[in-house]
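This report concerns only the one structure given below.
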Amino acid sequence: MKSIVVNGAGEYISDAPIPSGLDYCCHQHELGTLVALYSDFGLCYQGFHAQPDEALNEYQRFNSLDVSLRNQVITQDKPLHLIGTDFQLMVWQRLCKLSRSDTSSYSHFAATCQRPTAVRAIASAIARNPVAIRVPCHRILPKRGGTGQYRWGNAIKHQLLRIESNQF
DNA sequence: CGCACCTGCTTCG
DNA sequence: CGAAGCAGGTGCG
């Protein structure tokens, strides 16, 4: 398990301590309320939730951590502060390199990660992406068609893709 | 379509 | 180290 800070392109910036407290910010996305959780080093979590504590619960459960909610803040443009195994971090960083409306299948994405046969492991790592939208896990789709699964709801994944493809 | 079966790899105990 | 668990893929009807 490592805890690192990366920029918007997924490039490594530095290591960082595991957060003990997080600031939060709720803002309206056209598909729902988006809750962001910030450590002192960057954006740790972003997901579709009605309440900030739901987001915190998710974050704690996924990372087996005990973290407190601190202050409400306004939307901040910060780097990402990600916690995960080497493998997960590699996958998330790779996702950040996808440009807008650049979608791919799970198997193709696995190949671009240099793990062409590890499709299921890659999919598991994608599923644990803690930062919706900024880490564009929604751009990875089943080869057979359809939009596949999404941690915050399949309908939202579908809509995100529609929005991204329409803006061209 | 849906289903059964297969798969390789990561993760956790 | 072994076993569980996968946001997948394939082939068949």
Side-chain angles (χ1 to χ4, degrees), chain A residues 1-6 8-12 15-20 29-37 39 42-52 54-67 80-167:
Chain A
M1 211 67 141
K2 285 203 319 200
S3 173
I4 65 169
V5 181
V6 305
E11 289 154 356
Y12 173 87
D15 284 1
I18 303 276
S20 56
H29 184 274
E30 59 179 299
L31 299 179
T33 305
L34 219 37
V35 180
L37 302 177
S39 73
L43 176 62
C44 291
Y45 178 93
Q46 179 163 256
F48 291 92
H49 298 279
Q51 301 292 337
E54 289 177 13
L56 185 73
N57 288 342
E58 271 288 284
Y59 186 77
Q60 296 190 118
R61 193 166 59 82
F62 262 75
N63 293 305
S64 307
L65 283 177
D66 196 20
V67 188
L80 304 173
H81 179 178
L82 303 173
I83 298 173
T85 63
D86 288 336
F87 184 81
Q88 289 168 337
L89 293 170
M90 177 274 291
V91 170
W92 300 339
Q93 289 177 260
R94 205 98 201 180
L95 283 171
C96 290
K97 298 190 193 309
L98 292 175
S99 55
R100 188 187 193 77
S101 79
D102 183 9
T103 60
S104 98
S105 68
Y106 286 90
S107 52
H108 179 264
F109 182 71
T112 70
C113 292
Q114 318 291 324
R115 300 287 200 294
T117 56
V119 187
R120 304 200 64 160
I122 294 278
S124 303
I126 294 173
R128 293 182 73 95
N129 165 37
V131 187
I133 301 177
R134 288 250 332 244
V135 180
C137 62
H138 57 278
R139 300 200 187 128
I140 310 299
L141 307 164
K143 190 176 265 178
R144 279 303 184 94
T147 49
Q149 305 285 95
Y150 192 57
R151 181 160 160 198
W152 294 280
N154 299 1
I156 290 183
K157 180 171 181 178
H158 183 73
Q159 294 300 317
L160 284 173
L161 290 162
R162 192 182 55 76
I163 290 165
E164 290 187 352
S165 68
N166 278 350
Q167 292 189 358

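Just so we're on the same page: letters track the sequence lines, and every chain starts at 1.
Figure legend: A:Arg151 and A:Phe62 shown as a cation-pi pair, the cationic atom lying under 6.0 angstrom from the six-membered ring centre and within 45 degrees of its axis.
Between A:His29 atom NE2 and A:Leu160 atom CG the span is 5.5 Å, to the nearest 0.5 Å. The distance from atom OH of A:Tyr45 to atom CG of A:Asn129, rounded to the nearest 0.5 Å, is 9.5 Å.
Taken residue by residue, residues 132-140 of chain A places heavy atoms nearer than 4.0 Å to DNA chain C at A:Cys137.
Few gaps surround CG on A:Asp15; more than 12 heavy atoms of other groups in view lie less than 6.0 Å from it.
Nucleotides of DNA chain C that come within less than 4.0 Å of any heavy atom of chain A span, from the 5' end to the 3' end, C:dC6 to C:dG11.
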At under 4.0 Å between heavy atoms, how does the protein contact nucleotides 4-13 of chain B? Give one character per nucleotide, 5' to 3', with B, S or -.
---BBSSS--
The test is side-chain contact (heavy atoms from CB on, under 4.5 Å); show your working for A:His138 and A:Ile156 and say whether it passes.
CA-CA 9 Å; A:His138 57 278; A:Ile156 290 183; over 6 Å; no
Would A:Arg94 and A:Phe109 count as a side-chain contact (heavy atoms from CB on, under 4.5 Å) if you check the C-alpha gap in whole Å, the side-chain angles of each, and the deciding distance to 0.1 Å?
CA-CA 9 Å; A:Arg94 205 98 201 180; A:Phe109 182 71; 3.9 Å; yes
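The side-chain contact (heavy atoms from CB on, under 4.5 Å) with A:Ile140 is formed by just one residue from the set A:Thr147, A:Ile122, A:Leu95; it is A:Leu95.
One finds a salt bridge joining A:Asp86 and A:Lys2 here, because a Lys/Arg side-chain nitrogen approaches an Asp/Glu carboxylate oxygen to under 4.0 Å.
Under 3.5 Å, the side chains of A:His81 and A:Ser3 contain a donor-acceptor pair of N or O atoms.
Using modelled atom types, no side-chain atom of A:Asp102 and backbone atom of A:Leu98 make a donor-acceptor pair closer than 3.5 Å.
Base pairing of B:dT7: no nucleotide in any strand meets the Watson-Crick or G-U wobble criterion (both distances under 3.5 Å).
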